[in-house]
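A short write-up of the structure that comes next.
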Amino acid sequence: MKRINSVLFAAALALLVAAGCVSTKSQPAESIRPVLPKLKEYSLKLEIPETRRHFSASSGDLLPFLLRNTGTKSIDLVEWQVDETKNMHYYYRPYEGEMVEFDRKDPRWKEYLPDQSGPLRYNAFAISPYNRVFIDLPMPFIKQPGVYMIVGELLLTAVDVQTEVTVIEITK
């Protein structure tokens with residue numbers, strides 16, 4: 001009898017624990033992503049290095065961005081994601097003979113946004129003065145030779161950092 005009671009008790013306890021672990025509500029990823037106040041003082045520069053602006057369709061499909069701290073103080077980016085490609089996106093369009101200003105409302109600028117699905121894993125990233133980090137993003141247009149204009153932008157809420165309009169070339 002004692003054995004039956006202890007089995008029933010263990011089953012009831014397991015059922016209660018399992019019922020308490022199930023959640024019927026799930027939050028969308030956007031609501032989980034932190035929204036932080038803007039940093040007041042920072043000197044970050046985002047660019048495509050001059051030595052890495054010429055590509056061939058067979059050389060690989062990664063577009064390198066360089067984020068540099070040009071200031072004299074360390075900058076803590078607490079919303080930095082472990083998967084570095086999730087920290088930025090870029091816009092691109094064919095170069096038509098003259099530089100144009102970036103306007104995200106202009107439909108000729110196409111956005112490349114890395115996949116933002118999956119778990120959000122953050123790692124506070126401290127970038128020391130005069131230090132830098134490379135972020136490589138895929139180029140979906142690598143098989144289409146030509147000259148393109150690119151504007152990259154960080155996807156962080158604490159800082160507003162974007163590249164200048166930069167020209168790259170893709171050859172066969």
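If you're wondering where the values come from, they're calculated on a predicted model, not measured in any experiment.
Within the model, atoms CZ of Phe125 and CG of Asp76 stand 10.0 Å from one another, a figure rounded to the nearest 0.5 Å. Note: Leu154 CG to Leu77 CG = 8.0 Å, rounded to the nearest 0.5 Å. To the nearest 0.5 Å, atoms OG1 (Thr85) and CD (Gln116) are separated by 7.5 Å.
The nearest pair of heavy atoms linking Ser43 to Gly71 is CB-N, 3.5 Å. Taking every heavy atom of both residues into account, Leu67 and Ile127 meet most closely at O-CD1, 3.8 Å. Nearest heavy atom pair, residue Leu155 against residue His89, reads CD2-CD2, 3.4 Å. The minimum heavy-atom distance linking Asn69 with Ser74 is given by the pair ND2-CA, 4.0 Å. Listed here is the closest heavy atom pair of Leu46 and Met88: CD2-CE, 3.8 Å. Taking each heavy atom of Ile150 and Tyr92 in turn, the nearest pair found is CD1-CB, 3.6 Å.
Considering only heavy atoms from C-beta on, Tyr95 stays 4.5 Å or farther from Val100 through its side chain. The side-chain heavy atoms of Lys45 and Glu47, taken from C-beta on, include a pair separated by under 4.5 Å. Residues Met99 and Met149 have side chains in contact (heavy-atom distance under 4.5 Å, counting atoms from C-beta outward). Contact check for Lys86 versus Trp80: no side-chain heavy atoms found under the 4.5 Å cut-off.
Between Arg121 and Asp83, none of the side-chain N atoms (NZ, or NE/NH1/NH2) sits under 4.0 Å from a carboxylate O, so this pair counts as no salt bridge. A salt bridge links Glu153 to Arg104: one of the charged nitrogens lies within less than 4.0 Å of a carboxylate oxygen.
A distance-only check finds no donor-acceptor pair linking the side chain of Tyr42 to the backbone of Leu44 [under 3.5 Å]. Using a distance-only test at 3.5 Å, with no hydrogens or angles considered, no donor-acceptor pair links the side chain of Arg68 to the main chain of Val133. Under a 3.5 Å cut-off, the side chain of Gln81 and the backbone N or O of Glu79 do not form any donor-acceptor pair. Lys38 contributes a side-chain N or O that, together with a main-chain N or O of Thr157, makes up a donor-acceptor pair within less than 3.5 Å. Side chain of Ser128 to backbone of Asn131: no donor-acceptor contact under 3.5 angstrom is found.
In the hydrophobic clustering of ILVMFWY residues, with side-chain heavy atoms under 4.5 Å counting as a link, Leu137 and Leu62 come out apart. No single ILVMFWY cluster, assembled from side-chain heavy atoms under 4.5 Å apart, contains both Tyr91 and Ile142.
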Steps toward side-chain contact (heavy atoms from CB on, under 4.5 Å) verdict (Gln162, Val151): CA-CA 7 Å; Gln162 108 181 9; Val151 174; 3.9 Å; yes
Determine, stepwise, if the pair Tyr112 / Phe141 fulfils side-chain contact (heavy atoms from CB on, under 4.5 Å). CA-CA 10 Å; Tyr112 174 77; Phe141 52 94; over 6 Å; no
Asp136 and Phe65: side-chain contact (heavy atoms from CB on, under 4.5 Å), yes or no, with the steps? CA-CA 6 Å; Asp136 294 327; Phe65 288 90; over 6 Å; no
Derivation and outcome, side-chain contact (heavy atoms from CB on, under 4.5 Å), residues Leu66 and Ile48: CA-CA 6 Å; Leu66 175 65; Ile48 299 172; over 6 Å; no
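Within 6.0 Å of the CZ atom in Arg132, the count of heavy atoms belonging to other residues, nucleotides or ligands does not exceed 12. Counting heavy atoms of neighbouring residues, nucleotides and ligands inside a 6.0 Å radius, atom CD of Glu101 does not exceed 12 of them.
The cationic group of Arg52 lies under 6.0 Å from the six-membered ring centre of Phe134 and within 45° of the ring axis, placing it in a cation-pi geometry.
Taking the six-membered ring where the residue is Trp, Trp109 and Phe102 present perpendicular rings, their angle passing 60° and hence far from 30°.
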Enumerate donor-acceptor pairs with a distance under 3.5 Å from any side-chain N or O in residues 164-172 to protein atoms, sequence neighbours excluded.
| from | atom 1 | to | atom 2 | distance (Å) |
| --- | --- | --- | --- | --- |
| Thr166 | OG1 | Glu164 | O | 3.0 |
| Glu169 | OE1 | His54 | ND1 | 3.4 |
| Thr171 | OG1 | Phe55 | O | 3.3 |

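The side chain to side chain donor-acceptor pair (under 3.5 Å) search around Arg108 returns Asp106, not counting sequence neighbours.
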